[in-house]
Amino acid sequence: MSLSRRGFLGVLGGVTLGAASFGSLVLPGASGQTAELLRSRARLPEPFTVPLPIPPVASPVRTGPDGDHYVITQREAEVEILPGLRTRILGYDGMFPGPTLVSRSGRRTVVTHRNELPVPTAVHLHGGHTPAESDGYPTDLVVPPGWQDHSGHAAHGTVSIGRRDYVYPCRQRAATLWYHDHRMDFTGPQVYRGLAGFHLIRDDEDDALPLPKEERDIPLMIADRAFEEDGAFRYPALDPSTRVLPGVEDDFMEGVLGDVILVNGAPWPVLEVEAARYRLRLLNGSNARRYRLALPGIQFVQTGSDGGLLAEPVTHDALTIAPGERFDVVVDFADQRPGAELTMLNQLGSGTTAQVMRFRVTRRVRDDSHVPTRLSKIPRLDPAAAARTREWRFTRGDIGDHHGWLINDTAFDPSRIDADVSLGDVEIWRVMSDLHHPVHIHLDPFQVLTRGGRPPAPTDTGWKDTVDVRPNEYVDLAVRFTDYTGLFLLHCHNLEHEDMAMMSTFRTS
Ligand code: C2O
Ligand code: CU
Ligand code: CU
């Protein structure tokens, strides 16, 4: 791919470690977003009238000495998201969100994905410590039988026809993971249309803690969408069939924001809760929207991050969450009287996007749960022991004659390897950003060392796999890759940026 270095990119080409000059060149996106709002044409429901759905937990088709086996069929389905209207989705087992997978740490999990959709897919387990061949590299496609490859992408990967087994050793600690589509150039529209679900890892350490459990342990996938008048998802794809032509209309190249907030696929839902503690597994499954979540009168006691338990709880009045990030929090409704209603707000939103969901307290109960002051031990990756430092600059730029998003001035190319990393080495990665870029790294989690040379934000605590890098900011993180050799990705989790080439390949050996 040839890259024309015109506009500010030519200037940025010379920027190295000193991030200071970065600032004057670009204007930070307003209201905490690097993205554009798409409005619904459908009649929208009154908020807090639809009950919160909880995605069903998948049952294995077989379990044995070689692990637990699941089969998921990717297919289209018509579902009711807005009351009274039908929405055609691309769904894992025809559902949005897909079924929740639950794995035991250390127990091999094999998921056979059957693709009955009209388009290719690739499944990535986000947060998974996964061998390369099962990591959902964007050109490792599962294509429908008879698929014609117009892009030439298939030549860069392994193509499976109709089905593929994804093998997850799950040698990792308990954490809230999620699986979603990762097809080259089309991840944005395909996730938007429904290809996302939870995958939880459980282990003895997490189970032994007195945190809220079972019906008081609730996954919440927060995602914004816009709808056509008839209830169809509204998305500004250049090619609505997502068969041939990638990309979105120019106005939306910064990212697509919807005006409807869905939680577990329902618009501004309501959940009945008892006056007790609840563990909420918050996931921002949006294409591009950042949220600042708040529950007035109640604090979020964070117990876990992307990569599982924190060393000790961190209390937040409000929690900023970027696409791809997860926060496990405990909220306590014990002081609320029956009938009380508490609304989860989005302080970065306005109008319809300023509210997320509501909790309605039903009755007083006995509650034996609590949040201990010590949760886990987190070994620290020592930056002084780092084998090397790498720099990754996330900026807007031009790809040929159109706009796109670049890392270190280059567009993603699946035939190019951008870094060679030795397994077991600690490295420092400096991630630099012109606008909002939620930066995600595959294979192993990392620890945030500094933000703009200052201490990390309270939301950076613990093991992370996605970090919310803000305009004109650089973040230093320590990372160590282990166990699996091959090709892995680092990319922006604003899915429109990802599809417009903001992705890099590193090779572990
Ligand atoms: Cu959640 Cu490479 O993505
Ligand atoms: Cu990932
Ligand atoms: Cu980005």
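Start at 1 and go down the list; that is how both ligands and their atoms are numbered.
Residue Arg107 places its CZ atom among more than 12 non-hydrogen atoms of other residues, nucleotides or ligands, all under 6.0 Å distant.
For the residue pair Asp418 and Thr505, no side-chain donor N or O sits within less than 3.5 Å of a side-chain acceptor on the partner. For the residue pair His493 and Glu325, no side-chain donor N or O sits within less than 3.5 Å of a side-chain acceptor on the partner. A donor-acceptor contact closer than 3.5 angstrom is absent between the side chains of His69 and Thr109.
For atom 1 (Cu) of ligand 1, the nearest N, O or S atom contributed by His126 is named ND1. The Cu ion (ligand 3) sits nearest to atom ND1 when only the N, O or S atoms of His437 are considered. The closest approach of His497 to the Cu ion (ligand 3), by N/O/S atoms, is made by ND1.
When distances to atom 1 (Cu) of ligand 1 are checked against a cut-off of 2.8 Å, His182 contributes no N, O or S atom below that limit. Look at His493 and the Cu ion (ligand 3): no N/O/S atom of the residue is under 2.8 Å from the metal. In summary, Cys492 places an N/O/S atom under 2.8 Å from the Cu ion (ligand 3), meeting the contact criterion.
Angle NE2(His180) to atom 1 (Cu) of ligand 1 to NE2(His493), rounded to 10°: 110°. Angle NE2(His124) to the Cu ion (ligand 2) to NE2(His440): 160° [nearest 10 degrees].
To the nearest 0.5 Å, atom CG of residue Asn494 and atom NE2 of residue His437 are 8.0 Å apart.
Looking at heavy atoms from C-beta onward, Leu477 lies out of side-chain contact with Gln447 at the 4.5 angstrom threshold.
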